[in-house]
Amino acid sequence: MVKPWLLLPSKFAHDISPFFLNLYSKISKPKNYEWDSVNWRGLQFSNPLGIAGGVDKNAENINAWQSFGAGFIEVGTITPTPQGPNPGSIIKRYNKQKTLWNKMGFPNKGMENAYKNLKQSNNKNHTPIFGNIGKNRQTPLDKAHEDYIKVMDKINNLVDVFVVNISSPNTANLRNLFDQSYLTQFLKPIIDHNNLKLGKKNPTLLKLSPDLTKEQLALILDTSLDLDIDGWIISNTTTDRSLAPQAPTAGGVSGQPLAQASRNLLKLCSEHLSGKKGDRLLISCGGVLTPSDVYDRLNLGADLVQVYSALVFEGPFFFKKTANSKT
Ligand SMILES: Cc1cc2nc3c(=O)[nH]c(=O)nc-3n(C[C@H](O)[C@H](O)[C@H](O)COP(=O)(O)O)c2cc1C
């Protein structure tokens, strides 16, 4: 298949893609590719392959992703107020190595805009919608939970699952919220708010970093289990440049170089959670670039799988390609 977008500069291709996605949604109906369907706590996933955080930051392309047959759609990262990207170059693509690098820093139009877009999207085929939430750049870490709660309050009735994102390397010190000194103090008010004030309409997932040590991972899983989290997404981008020496030092790397780390982390999580996982959700994300990668992650214990880089290097028909390779 010809992929003309891979000939364009990465930032330009990134900026014009919503236009073409929306055009496609005007000419094509929503699809339900049914393979390995999942029913999780009443949510029906016609297939276990969805789009990852950052693909549809402002919930502007929900109808398009339905037309391409995504099994679920994560929107965001959404912050309370609008904010621009980090200064300087924010995205690079390395076609041969199937690698993406980004230093975006949650550029998004804020929760009011996401609310409006979510409300307008007519979720015709009832694809589960996940709302990925972050904090504004200037919000201090000890007040970070307030930002997450504001966005939860705003989008509660328009999404099916919340994703608490503290694993982006592009918001200064955000990953410090995984430290033992912060995690409970940060996560408990969020989970309490969801349970007590919002009546737990939506389950809450925590998106993890691939750069955690085995000990950190165990501590985070146990702490979040104690707080009764509903699942985890494994993982965000990596800062490990031994995996992608060609990428700039700041920022996060996705795609091929992340595959092994993300796969290993999934295995570690599955092992650590064995016997304690219950019906909690485990989502694998990172370096999934072929249909066989999707099945591999499911075989390793993932309940669902997400992609970002595959949509860039393989194109948005990746959902169809994966569904077809199953039949
Ligand atoms: C350009 C770009 C922007 C991203 N923005 C976000 C984001 O806003 N929120 C988030 O949770 N993850 C974000 N991610 C991380 C992806 O959701 C995913 O975790 C990561 O890219 C690994 O998956 P992949 O190898 O399939 O790309 C972004 C990734 C890229 C490449």
Side-chain angles (χ1 to χ4, degrees), residues 10-15 17-18 49-60 70 72-79 83-86 89-94 97-110 114 130-137 148 151 161-171 174-175 205-211 232-240 243-244 247-248 251-263 265-266 283-290 293-294 297 302 304-316 318-319 322:
S10 38
K11 173 77 168 55
F12 181 62
H14 175 268
D15 291 348
S17 62
L49 181 61
I51 64 161
V55 176
D56 190 358
K57 288 182 186 301
N58 298 301
E60 285 165 332
F72 62 107
I73 296 168
E74 186 166 321
V75 300
T77 296
I78 304 163
T79 57
Q83 59 179 26
N86 283 323
S89 171
I90 54 165
I91 185 164
K92 282 182 196 286
R93 193 183 63 229
Y94 303 88
Q97 294 93 349
K98 297 200 173 177
T99 299
L100 288 178
W101 166 88
N102 94 87
K103 199 190 69 178
M104 294 208 161
F106 303 158
N108 77 107
K109 295 176 186 166
F130 291 27
N132 178 315
I133 305 174
K135 76 170 191 73
N136 275 119
R137 203 169 277 134
Y148 290 77
V151 182
V161 178
F162 292 130
V163 177
V164 171
N165 179 15
I166 52 171
S167 49
S168 167
N170 298 324
T171 295
L174 186 72
R175 286 182 171 187
L205 312 179
L206 186 63
K207 184 164 178 178
L208 303 183
S209 151
D211 303 317
W232 302 268
I233 300 183
I234 308 155
S235 66
N236 214 311
T237 56
T238 182
T239 56
D240 183 351
L243 302 171
V253 166
S254 315
Q256 190 61 62
L258 180 58
Q260 206 49 44
S262 166
R263 206 174 171 273
L265 203 67
L266 172 63
I283 303 184
S284 183
C285 179
V288 172
L289 294 163
T290 64
D293 291 338
V294 178
R297 302 301 171 94
L304 301 171
V305 177
Q306 286 183 315
V307 283
Y308 191 128
S309 298
L311 301 175
V312 173
F313 296 110
E314 301 304 317
F318 187 68
F319 300 100
T322 307

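Counting starts at 1 for both ligands and their atoms, in listed order. Not measured: the values here are computed from a predicted model.
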Taking atom 9 (N) of ligand 1 as the reference point, the nearest protein heavy atom with its distance: Thr77 OG1, 2.7 Å
N/O donor-acceptor pair under 3.5 Å between Ser235 side chain and Ser209 backbone: no
Close approach, Ser235 and ligand 1, non-hydrogen under 4.0 angstrom: yes
Check: Trp101 and Ser89 side chains under 4.5 Å, non-hydrogen atoms: yes
Element-labelled atoms of ligand 1 that are located less than 4.0 Å from some non-hydrogen atom of Cys285: 18 (C), 19 (O), 22 (C), 23 (O)
Atom indices of ligand 1 within 4.0 angstrom of Ile91 heavy atoms, with elements: 1 (C)
Nearest non-hydrogen protein atom, atom 22 (C) of ligand 1: Leu258 CD2, 3.5 Å
Residue and atom name of the nearest protein heavy atom (relative to atom 12 (N) of ligand 1), distance in Å to one decimal: Lys207 NZ, 3.1 Å
Main-chain N/O of Phe106 paired to Gln83 side chain as donor or acceptor, under 3.5 Å: yes
Leu266 CG to Ile234 CD1 distance, which is reported to the nearest 0.5 Å: 5.0 Å
Closest protein heavy atom to atom 3 (C) of ligand 1, given as residue, atom name and distance to 0.1 Å: Tyr308 CE1, 3.7 Å
Any side-chain heavy-atom pair of Leu311 and Ile51 under 4.5 Å: yes
Protein heavy atom at shortest distance from atom 14 (N) of ligand 1: Gly53 O, 3.4 Å
Heteroatom proximity flag, His14 to ligand 1, N/O under 3.5 Å: no
Could you list the donor-acceptor pairs under 3.5 angstrom formed by side chains in residues 252-260, with sequence neighbours left out?
none

Closest protein heavy atom (residue, atom, distance) for atom 25 (O) of ligand 1: Gly287 N, 2.7 Å
For Leu100, the ligand 1 atoms whose distance to one of its heavy atoms is below 4.0 Å: 31 (C)
Polar atom proximity, Lys57 to ligand 1 (N or O, under 3.5 Å): yes
Proximity of Asn108 to ligand 1 by residue part, where a heavy atom lies under 4.0 Å: neither
Gly54 neighbourhood, listing ligand 1 atoms whose heavy-atom distance to it stays under 4.0 Å: 4 (C), 5 (N), 6 (C), 7 (C), 8 (O), 9 (N)
Closest approach of any protein heavy atom to atom 31 (C) of ligand 1, naming residue and atom: Ser254 OG, 3.5 Å
Salt-bridge criterion met for Lys57 and Glu74 (N-O under 4.0 Å): no
Heteroatom proximity flag, Glu74 to ligand 1, N/O under 3.5 Å: no
Cationic N near anionic O, under 4.0 Å, Arg297 to Asp293: no
Under 3.5 Å: donor-acceptor pair, side chain of Asp56, backbone of Val75: no
Nearest-neighbour protein heavy atom for atom 15 (C) of ligand 1, which is reported as residue plus atom name and distance: Asn236 OD1, 3.4 Å
Ile166 vs Leu208 side-chain heavy atoms within contact, under 4.5 Å: no
Ligand 1 contacted by Gly255 (non-hydrogen, < 4.0 Å): yes
Between Asn170 and Asn102, a side-chain donor and acceptor under 3.5 Å: yes
Distance in Å, Leu174 CG paired with Asn165 CG, rounded so as to fall on 0.5 Å steps: 6.5 Å
Gln306 N/O to ligand 1 N/O under 3.5 Å: no
